[in-house]
Trainee: 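I'd like to ask some things about the structure below.
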Amino acid sequence: MKIATFNINGVKARLPALLDWLRDSAPEVAVLQEIKSEDAAFPAGPIEDMGYNVATHGQKGFNGVAILSKRPLEDVTRGLPGDPDDAQARWIEATVSGGDGALRVCGLYLPNGNPAPGPKYDYKLAWMARLEARARALLETEAPVAIMGDFNVIPQPLDARDPAAWTGDALYLPQSRAAWRRLVHLGLTDAWRALHDAPGYSFWDYQAGAWAKDKGIRIDHILLSPQAADRLTACGVDRDARGGDKPSDHAPVWAELEIG
DNA sequence: ATGGTAGGCGTCCTA
């Protein structure tokens, strides 16, 4: 089962690029971030025509997440637990059943948090604390779970071409990276880092020729529960998508799990 | 080199 995450930065502007990527990479399950669309306006038709079931958790103008799956989506839930007053659409879960087991898929768009310090950074850290609580509950199920999306965290210096440029940024501040470590240390496997020593960038700013100079960062991650990590066979970044026509500023990240 | 670019129903905000 090939699973993938892709921050598409606006589904309306990105629909041709999204359809091209789905055709070329053909993930079984894909989570999307920054759809920047309400549920009713999400262009599900052309995606369903490619054989995907679609579940969205949208919001007008900003944020918004979705899950696409060639197999039926079961038990869909929307919103990260822990704060009933949080109106930002950044979390969606669904179960995808394979022939020999089910995978709980979580798609997330973690708050950027800039400028830091400030209320946006406070929101990021509070959101990460809620994420840790949700991950702990998911791990207690002892089932295959994938928590994936745009984490807006650069875990280590290796994950940035120019780490010094990110000093003081909410994506790289010690508190952000400590919260990431607390999450992973619950018992999750960072799929890319488990299989690769290479940087594995997934984001390049539109500005200042970052893509041309490969000044990237790795912020799109796939975290696996032990029961999912046992079945991990490959992980990759679809860099071609970043170099295409009218690209997102992110590239998709995918993992292959031996779940039939 | 403290700029630069992109998307969204927007005369700015978010990234």
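Each chain gets a letter, A, B and so on, in the order its sequence line appears, and its residues count up from 1.
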Trainee: Determine the Euclidean distance between corresponding C1' atoms of B:dG4 and B:dA15; express it in Å to zero decimal places.
Mentor: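 Each nucleotide's C1' atom is 13 Å from the other's.
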
Trainee: Round to a whole Å and report the spacing from CD of A:E38 to P of B:dG7.
Mentor: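 Distance, rounded to whole Å: 20 Å.
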
Trainee: Which nucleotide, B:dA15, B:dA6, B:dG8, lies nearest any side-chain atom of A:A13?
Mentor: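 Side chain of A:A13 sits closest to B:dG8.
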
Trainee: Consider the side chain of A:Y109, meaning its heavy atoms from C-beta on, and name the nucleotide among B:dC9, B:dA15, B:dA6 that approaches it most closely.
Mentor: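 That would be B:dA15.
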
Trainee: Are any of the side-chain heavy atoms of A:W254 and A:C235 separated by less than 4.5 Å?
Mentor: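 No. Closest side-chain heavy atoms not under 4.5 Å.
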
Trainee: Need to verify one output field. Residue with the more 5' nearest nucleotide on DNA chain B, A:I35 or A:A208?
Mentor: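 The residue whose closest nucleotide sits nearer the 5' end is A:A208.
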
Trainee: Heavy-atom nearest nucleotide on DNA chain B for A:G10 versus A:D249: which residue maps closer to 5'?
Mentor: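 Between the two, 5'-proximity favours A:G10.
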
Trainee: Does any N or O in the side chain of A:N7 come within less than 3.5 Å of the main-chain N or O of A:H250, such that one atom is a donor and the other an acceptor?
Mentor: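 Checking the backbone N and O of A:H250 against the side chain of A:N7, no donor-acceptor pair under 3.5 Å is found.
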
Trainee: Look at the rings of A:W204 and A:Y201 and say which category their plane angle falls in: under 30° parallel, 30 to 60° tilted, over 60° perpendicular.
Mentor: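 Judged by the thresholds at 30° and 60°, the geometry between A:W204 and A:Y201 is perpendicular.
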
Trainee: If the P atom of B:dC13 is compared with that of B:dC9, how far apart are they to the nearest Å?
Mentor: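 About 16 Å, rounded to a whole number of Å.
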
Trainee: Is the number of heavy atoms from other residues, nucleotides or ligands under 6.0 Å of A:K60 NZ greater than 12?
Mentor: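 Check fails, neighbour count at 12 or below.
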
Trainee: Round to the nearest Å and state the distance from A:Y206 atom OH to B:dA6 atom P.
Mentor: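 Taking atom P of B:dA6 as the reference, OH of A:Y206 is at 7 Å.
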
Trainee: Have a look at A:R242 and say if it touches a base, only the backbone sugar-phosphate, or nothing, with a 4.0 Å heavy-atom cut-off.
Mentor: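 No contact.
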
Trainee: Round to a whole Å and report the spacing from NZ of A:K246 to P of B:dA6.
Mentor: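 For the pair A:K246 NZ and B:dA6 P, the rounded distance is 8 Å.
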
Trainee: So which nucleotide from B:dG4, B:dA15, B:dG7 ends up closest to the side chain of A:K36?
Mentor: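 The answer is B:dG7, which lies nearest to the side chain.
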
Trainee: Please report, rounded to the nearest Å, how far the P atom of B:dG3 is from the NZ atom of A:K215.
Mentor: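 The distance from NZ of A:K215 to P of B:dG3 comes to 15 Å, rounded to the nearest Å.
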
Trainee: I need the CD1-P distance between A:I154 and B:dA15, as an integer number of Å.
Mentor: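 Spelled out: CD1 on A:I154 to P on B:dA15 is 15 Å.
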
Trainee: Among B:dG8, B:dG7, B:dA15, find the nucleotide with the atom closest to the side chain of A:K12.
Mentor: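 Minimum distance to the A:K12 side chain belongs to B:dG8.
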
Trainee: When the distance from CH2 of A:W166 to P of B:dT2 is rounded to whole Å, what number comes out?
Mentor: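 Distance check: A:W166 CH2 to B:dT2 P gives 17 Å.
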
Trainee: Between B:dG8, B:dA15, B:dT5, which nucleotide gets closest to the side-chain atoms of A:E34?
Mentor: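 The listed nucleotide nearest to A:E34's side chain is B:dA15.
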
Trainee: Check the distance between B:dA6's P and A:D245's CG and give it to me in whole angstrom.
Mentor: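 Going from CG in A:D245 over to P in B:dA6 covers 12 Å.
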
Trainee: Could you give the NZ-to-C1' distance, from A:K213 to B:dG4, as a whole number of Å?
Mentor: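 Distance check: A:K213 NZ to B:dG4 C1' gives 10 Å.
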
Trainee: Do A:P252 and A:W21 come close enough that some side-chain heavy atom pair is under 4.5 Å?
Mentor: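 A side-chain contact exists here, since the closest heavy-atom pair is under 4.5 Å.
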
Trainee: Check the phosphate of B:dC9 against A:K60, side-chain N and O only, distance under 4.0 Å to OP1 or OP2. Yes or no?
Mentor: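 Checking B:dC9 against A:K60, no side-chain N or O comes under 4.0 Å of OP1 or OP2.
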
Trainee: Is A:L22 reachable from A:V253 through a run of hydrophobic residues whose side-chain heavy atoms are each under 4.5 Å from the next?
Mentor: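 No, no single cluster joins them.
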
Trainee: Could you please name the option among B:dT5, B:dC9, B:dT14 that lies closest to any side-chain atom of A:F62?
Mentor: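 Nearest to the side-chain atoms of A:F62, counting from C-beta on, is B:dT14.
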
Trainee: Using the C1' atom in both, what is the distance from B:dG10 to B:dT14, to the nearest Å?
Mentor: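 Straight-line distance between the two C1' atoms is 12 Å.
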
